[in-house]
Q: 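Sharing a structure here in structure tokens format.
Throughout, protein chains are lettered first and strands after them, A, B, ... in sequence-line order, and every chain is numbered starting at 1.
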Amino acid sequence: MRASRLFMPTLKEDPSDAEAASHKLLVRGGFVRQFASGIYIFLPLGWRVIERVNRIIREEMDAIGALELSMPTIHTADVWQQTGRYYDIGGEMFRLKDRSGRDMVLAMTHEEVFTWLASRELRSYRELPQIWYQIQLKFRDETRPKGGVLRVREFLMKDSYSFDADAEGLEVSYAKHIQAYDRIFERTGLRFHRVDSDPGMMGGAQAHEYMAPSPAGEDRVAVCSSCGYAGNIELARSVARAPEGSVSEVLEEVPTPGQRTIRQVSEFLELPASSLIKSLLVVTGEERVLALVRGDQELHQRKLERHLQREVRPAHPEEVEEATGAEIGFIGPLGVDVRIVADESLAPTGPGGARAYVTGANKAHTHLLGVMLGRDVDPEYADLREAQEGDSCVECGSALTVEPTIEVGNIFKLGTKYSVALGATVLDEDGVEIPLVMGSYGIGPARIAAAAVEQSHDEKGIVWPKSIAPFDVHLVQVHATDEEQTRVAAHLYEALGEEGWQVLWDDRDERPGVKFKDAELIGCPVRVTVGRRAAEGVVEVEPRGGDQSRREVSVDELPEVVSELWRLAD
RNA sequence: CGGGACGUGGCGCAGCCUGGUAGCGCAUCUGCUUUGGGAGCAGAGGGUCGGAGGUUCGAAUCCUCUCGUCCCGACCA
């Protein structure tokens with residue numbers, strides 16, 4: 001591709017509304033433009049990146065026997081009503097009516113329609129397994145689009161669905177997806193973790209997420225570098241550190257005027273936060289539940305919900321006073337008539353052993369010293385706390401790290417929820433009608449691109465992984481009007497193209513500095529510069545990333561040098 | 001949905017507090033010069049200040065409403 005013919009609107013300055021590195025660079029580099037909040041245009045360069053990602057996805061999906069097809073993005077409401085999601089999902093779903101007043105929705109995902117198709121077309125266990133996929137638009141009216149292309153309202157997703165006769169079959173389809181996904185993310189050049197993830201409130205089924213570490217990420221994962229255990233913070237288990245300090249085992253009220261937060265109480269009583277217990281009242285339906293975690297830990301609401309099997313919300317201040325007789329900041333587990341759930345690290349069998357802590361006294365401006373769980377109050381125990389950096393791995397005992405990540409893919413064992421709701425059944429070998437056992441698997445190509453930029457850029461611009469760069473080689477002709485340079489550049493453009501490289505030939509009549517800056521911003525893996533020594537048959541070549549420096553080579557040996565640099569790249 | 005900020009030529013910004021009908025840099029167009037790191041000089045075009053209403057002799061500037069965008073939080077099948 002000649003740059004003079006390419007629509008490649010680069011910018012010198014960061015767009016004012018961009019925060020994330022990938023957002024700034026993808027806009028500046030002429031890859032994307034924002035159309036509205038959370039709705040993006042992919043320009044030629046950006047689309048080339050997406051297409052390269054998609055190609056990798058297709059190759060690996062095809063390799064596990066998945067079949068590509070294309071589903072509608074405008075759905076009738078009825079299938080969504082049959083699975084109940086029409087009612088369960090709130091404002092996140094775009095809803096509309098057709099001209100005759102029929103309720104329609106824009107596709108947020110495609111379980112319903114894939115299952116609808118399966119219900120019509122699959123009849124026998126002999127036709128199984130089936131894995132169908134598409135690379136198709138999804139629409140979600142996010143409450144808060146952010147991070148450029150990272151969290152948007154309309155986006156491309158590769159989604160696949162597996163249909164099996166039984167749980168064993170699902171295991172196989174799921175394992176195939178793990179294989180394909182591992183390959184896909186390796187090939188895109190991302191650093192990533194496959195982590196245990198929350199299968200949702202329905203419970204039971206298994207799920208994993210593919211997470212690319214990045215400060216721009218919205219999810220956090222706990223990772224053990226030693227044994228490879230990795231889990232989304234929403235469910236990651238860990239062994240808490242032992243609490244510090246000690247508290248007399250004699251129950252004693254102490255006045256703590258105005259000391260409401262853990263930090264205030266900790267400083268006031270001169271005790272470490274891990275010697276305190278944080279008491280949090282939540283409401284679930286009509287029930288009140290008091291959750292206890294150690295002062296140096298955080299309650300994870302999803303974990304509590306999973307334990308209670310219900311959604312919860314923090315109690316309002318009036319509800320706290322009604323249930324405990326005290327204000328927020330002074331409540332505790334003793335003498336309250338509600339269900340009490342404590343984090344397992346507080347159990348007498350936990351890392352602190354049977355020991356005393358400080359809690360609120362359920363009395364204004366008063367705390368209680370010497371509270372022992374098991375002796376003074378007997379709560380149920382569950383894993384309620386967020387895994388923290390410095391906790392130990394439950395598998396091997398090594399230290400866990402916690403890092404922010406971008407979710408680039410996920411895989412779910414759905415079971416029969418959708419097949420039962422939509423009547424997707426086949427006959428088994430005994431002629432008995434059985435519901436299909438399904439899995440659902442997603443990948444966000446644009447998130448892969450954005451995560452790659454997040455993970456691989458410098459102050460000059462993007463450093464694309466070689467597999468998804470918009471072009472392999474950026475051929476910079478320093479002077480567009482120099483005939484010798486044009487001759488050499490044209491020759492190289494052709495020669496490299498014949499060897500299969502995707503080449504961007506910058507033949508624009510721009511000043512050299514402009515071309516160099518653009519080349520660095522756009523970030524193709526190898527740059528070839530045709531400049532002052534072109535007449536002698538000498539050009540320069542250098543990789544965009546890595547520590548290889550610029551070198552001069554003869555035109556004849558250039559293709560070989562490009563291949564060499566390519567092998568060293570990433 | 002709660003909190004915060006911002007909306008001024010294509011892009012990035014100043015002007016607003018202390019009202020007097022708009023300015024800078026980049027980009028664009030023309031000419032000349034220049035050509036290995038986002039060129040120089042000269043000239044030109046382009047905005048009515050997100051929108052509506054109000055206050056005022058007069059509003060980019062003050063007030064009200066509204067729309068849009070971003071950030072933090074909540075939310076995220």
Side-chain angles (χ1 to χ4, degrees), chain A residues 9-20 23-24 27-28 30 33-40 75 79-80 83-94 105-115 138-148 150-153 155 157 159 161 197-202 205 207 209 216-219 232 234 301-302 305 311-314 407 410 412 414 417-418 421 440 442 444 460-461 476-482 485 506 508-522 527 529-534 539-540 542 550 552:
Chain A
T10 56
L11 302 173
K12 282 187 190 177
E13 289 170 289
D14 285 335
S16 63
D17 54 6
E19 197 75 12
H23 188 188
K24 292 177 182 168
V27 172
R28 279 191 58 205
R33 285 294 184 265
Q34 181 170 324
F35 175 69
S37 180
I39 304 177
Y40 277 81
H75 299 174
V79 285
W80 289 84
T83 62
R85 291 162 110 186
Y86 190 78
Y87 311 105
D88 296 340
I89 297 169
E92 205 183 345
M93 180 181 276
F94 283 104
V105 306
L106 297 186
M108 296 181 61
T109 172
H110 282 79
E111 278 81 8
E112 276 78 1
V113 181
F114 270 88
T115 309
K138 304 282 181 280
F139 302 88
R140 297 181 190 179
D141 195 1
E142 294 284 349
T143 49
R144 184 149 109 76
K146 60 182 290 200
L150 283 172
R151 181 160 214 87
V152 289
R153 299 194 292 172
F155 58 100
M157 179 186 264
D159 49 327
Y161 304 85
S197 78
D198 184 359
M201 291 298 292
M202 298 309 148
E209 289 165 331
E218 299 183 273
D219 289 282
N232 191 309
E234 290 177 353
Q301 194 170 319
R302 298 282 292 185
E305 288 177 341
E311 287 185 32
V312 306
R313 63 167 173 82
E407 181 185 352
N410 58 45
F412 278 88
L414 293 177
K417 176 182 174 186
Y418 296 94
S440 138
K460 294 174 179 171
V476 178
Q477 181 180 342
V478 176
H479 296 301
T481 52
D482 182 307
Q485 289 184 17
D506 194 343
R508 295 175 300 170
D509 189 10
E510 288 286 351
R511 299 182 62 88
V514 173
K515 299 189 184 193
F516 295 145
K517 293 289 185 198
D518 276 349
E520 283 151 352
L521 178 59
I522 289 165
R527 178 172 122 200
T529 307
V530 178
R532 53 187 153 221
R533 297 190 66 191
V539 297
E540 295 156 31
E542 65 186 297
R550 190 178 307 172
E552 297 197 317

Q: Tell me which nucleotide among B:G36, B:A77, B:A74 gets nearest to the side chain of A:R144.
A: B:A74

Q: For A:I39 and B:U69, what is the distance between atoms CD1 and P respectively, to the nearest whole Å?
A: 8 Å

Q: A:S16 side chain: which of B:C13, B:G36, B:G38 is closest?
A: B:C13

Q: Can you name the atoms? Protein N/O to nucleotides 31-34 of chain B N/O, anything below 3.5 Å, with the distance.
A:
{"unit_1": "B:U34", "atom_1": "O2", "unit_2": "A:R511", "atom_2": "NH1", "d": "2.6"}

Q: If the condition is salt bridge (charged side-chain N to carboxylate O under 4.0 Å, His left out), which residues does A:R33 pass it with, not counting sequence neighbours?
A: none

Q: A:R550 near the nucleic acid: base, sugar-phosphate alone, or nothing, with a heavy-atom cut-off under 4.0 Å?
A: base

Q: Out of B:A77, B:C75, B:G73, which has the shortest distance to the side chain of A:T143?
A: B:C75

Q: Taking atom P of B:A27 as reference, at what distance in whole Å does atom NZ of A:K12 sit?
A: 4 Å

Q: Does the distance from a Lys or Arg side-chain N to an Asp or Glu carboxylate O, for A:R28 and A:E13, drop under 4.0 Å?
A: no

Q: Have a look at A:R527 and say if it touches a base, only the backbone sugar-phosphate, or nothing, with a 4.0 Å heavy-atom cut-off.
A: base

Q: For the pair made of NE2 in A:H23 and P in B:C11, what is the distance, rounded to whole Å?
A: 14 Å

Q: Students often get this wrong, so: under 4.0 angstrom with heavy atoms, is A:G84 touching a base, only sugar-phosphate, or nothing?
A: nothing

Q: Given the rule in the side chain to side chain donor-acceptor pair (under 3.5 Å) test, do A:T10 and A:D518 qualify, once you have shown the distances and angles that lead to the verdict?
A: CA-CA 7 Å; A:T10 56; A:D518 276 349; 3.0 Å; yes

Q: Rounded to whole Å, please give me the gap between CG in A:D219 and P in B:C75.
A: 13 Å

Q: Looking at every strand, decide which applies to A:A36 at a 4.0 Å heavy-atom threshold: base, sugar-phosphate, or nothing.
A: sugar-phosphate

Q: Taking only the side-chain heavy atoms of A:S37 (C-beta and beyond), determine which of B:G36, B:A77, B:C70 contains the nearest atom.
A: B:C70

Q: Got a second to check how far A:R140's CZ is from A:T109's OG1, nearest 0.5 Å?
A: 6.0 Å

Q: Just call it for A:E540: base, sugar-phosphate, or nothing, with non-hydrogen atoms closer than 4.0 Å on any strand.
A: base

Q: Considering every strand and a 4.0 Å limit on heavy-atom distances, what is the contact class for A:K515: base, sugar-phosphate, or nothing?
A: nothing

Q: Check this for me: does any side-chain nitrogen of one of A:R527 and A:E520 sit under 4.0 Å from a carboxylate oxygen of the other?
A: yes

Q: Tell me every residue that passes salt bridge (charged side-chain N to carboxylate O under 4.0 Å, His left out) with A:K24, counting only those two or more places apart in sequence or in another chain.
A: none

Q: Is B:C32 paired to anything, Watson-Crick or G-U wobble with both distances less than 3.5 Å, and if yes, which nucleotide?
A: B:G40

Q: Searching all strands shown, indicate the nucleotide that pairs with B:C26 (Watson-Crick or G-U wobble; both distances under 3.5 Å).
A: B:G10

